Amino acid sequence: NAGVTQTPKFQVLKTGQSMTLQCAQDMNHEYMSWYRQDPGMGLRLIHYSVGAGITDQGEVPNGYNVSRSTTEDFPLRLLSAAPSQTSVYFCASRAYDYNSPLHFGNGTRLTVT
Amino acid sequence: GESVGLHLPTLSVQEGDNSIINCAYSNSASDYFIWYKQESGKGPQFIIDIRSNMDKRQGQRVTVLLNKTVKHLSLQIAATQPGDSAVYFCADNGSNDMRFGAGTRLTVKP
């Protein structure tokens with residue numbers, strides 16, 4: 001099983017550029033989420049989804065859009081990148097039941113210059 | 001909002017010693033907790049979980065203790081090895097809006 005797959009692994013953007021971070025899981029998990037990780041700040045929740053067609057905001061949603069058209073995929077879009085969005089981004093998934101752990105991808109390291 | 005947080009940002013132990021990483025949570029209604037391990041360059045990985053109807057749960061070389069009275073949980077690693085060097089997070093899994101603390105970086109000295 002591939003688990004949670006994130007692409008790309010690394011990305012450099014200029015301020016104002018847009019891009020999409022891809023996330024796919026093959027475990028048929030209903031719940032998917034995006035976190036960003038900055039030094040000393042731990043993991044902060046950006047957006048999450050409890051199933052296809054349903055998304056909701058987390059702790060730091062500004063500047064990011066998401067959609068969930070299929071169970072497998074949960075892309076994260078930056079419409080106009082800013083240096084403050086330089087971070088490592090992690091996608092995670094779990095079964096719908098709260099009593100199951102998150103499975104994380106290996107992250108996308110994004111630098112905005 | 002509700003949160004979880006670790007007590008110490010860093011912990012350094014000698015190889016072979018036991019390690020204890022502590023975590024506090026604020027939501028008294030929380031009923032499911034998870035410890036994750038994050039190695040350099042990777043995403044967090046599940047280590048062990050515990051439900052609120054338990055005080056203790058053991059895995060291979062790891063034990064999690066839950067004290068609901070003071071809303072505290074701890075991760076104990078027996079005979080710490082170099083491969084245990086990582087950042088450890090506790091998480092309250094009780095909602096869709098799941099929050100993590102900043103993590104404790106464990107360094108194992110040879």
Side-chain angles (χ1 to χ4, degrees), chain A residues 2-7 9-10 21 23-25 27 29-51 54-61 66 68 74 87-109, chain B residues 1-10 21 23-27 29-54 57 59 62 64 66 73 75 86-106:
Chain A
V4 178
T5 302
Q6 291 185 238
T7 55
K9 291 189 190 305
F10 301 94
L21 280 63
C23 176
Q25 52 92 9
M27 297 171 282
H29 284 165
E30 294 92 343
Y31 178 92
M32 296 184 75
S33 56
W34 278 100
Y35 288 86
R36 61 177 287 173
Q37 186 173 37
D38 302 297
M41 302 282 291
L43 293 156
R44 291 187 290 169
L45 181 64
I46 304 171
H47 286 284
Y48 64 93
S49 167
V50 298
I54 305 169
T55 63
D56 212 338
Q57 296 181 348
E59 184 182 0
V60 288
V66 292
R68 184 93 181 272
F74 190 43
S87 188
V88 181
Y89 292 85
F90 289 100
C91 178
S93 73
R94 63 163 166 79
Y96 185 78
D97 180 7
Y98 292 152
N99 293 327
S100 57
L102 284 174
H103 297 254
F104 284 85
N106 279 328
T108 295
R109 182 176 294 276
Chain B
E2 306 293 0
S3 65
V4 290
L6 287 105
H7 290 178
L8 289 175
T10 62
I21 301 171
C23 181
Y25 63 95
S26 60
N27 185 358
S30 297
D31 60 2
Y32 180 57
F33 302 90
I34 301 179
W35 281 97
Y36 294 89
K37 173 186 181 184
Q38 185 178 24
E39 295 175 286
S40 181
K42 296 185 179 180
Q45 288 183 299
F46 169 82
I47 304 173
I48 191 168
D49 57 4
I50 188 167
R51 288 171 171 72
S52 60
N53 61 352
M54 304 171 71
R57 189 162 191 222
V62 294
V64 56
L66 176 62
L73 66 159
L75 177 71
V87 178
Y88 291 82
F89 296 94
C90 63
D92 167 1
N93 217 54
S95 72
N96 288 319
D97 185 3
M98 212 171 87
R99 308 291 176 96
F100 288 76
T104 291
R105 179 174 296 279
L106 175 65

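Everything quoted here is computed from the prediction, not taken from an experiment. So that the names make sense, note that chain A is the first sequence line, chain B the second, and so on, each numbered from 1.
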Review point. In this structure, are over 12 heavy atoms from other groups packed under 6.0 Å from R57(B) atom CZ?
Key: yes
Review point. Taking everything shown except R44(A) itself, do over 12 heavy atoms lie less than 6.0 Å from its CZ?
Key: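 Yes, because the 6.0 Å sphere around CZ of R44(A) holds more than 12 heavy atoms from other groups.
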Checking [X] against chain B: side chain, backbone, both or neither under 4.5 Å from a heavy atom?
{"X": "Q37(A)", "value": "side chain"}
{"X": "L43(A)", "value": "both"}
{"X": "R94(A)", "value": "side chain"}

Any donor and acceptor pair, going by atom type alone, linking the side chain of [X] with main-chain N or O of [Y] inside 3.5 Å?
{"X": "Y35(A)", "Y": "F100(B)", "value": "no"}
{"X": "N106(A)", "Y": "G43(B)", "value": "yes"}
{"X": "R51(B)", "Y": "N99(A)", "value": "yes"}

Revision key, fill the gap. So, the part of Q38(B) with a heavy atom under 4.5 Å from chain A: the answer is side chain
Review point. CZ/F90(A) to NZ/K42(B) distance, rounded to the nearest 0.5 angstrom?
Key: 11.5 Å
Practice item. Heavy-atom pairs under 4.5 Å with chain B are the metric here; pick the option from S100(A), C91(A), A92(A), S49(A) that has the most. Key: S100(A)
Check your understanding: Is the centre of the F104(A) ring less than 6.0 Å from the centre of the F46(B) ring?
Key ->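 When the ring centroids of F104(A) and F46(B) are compared, they turn out to be at least 6.0 Å apart.
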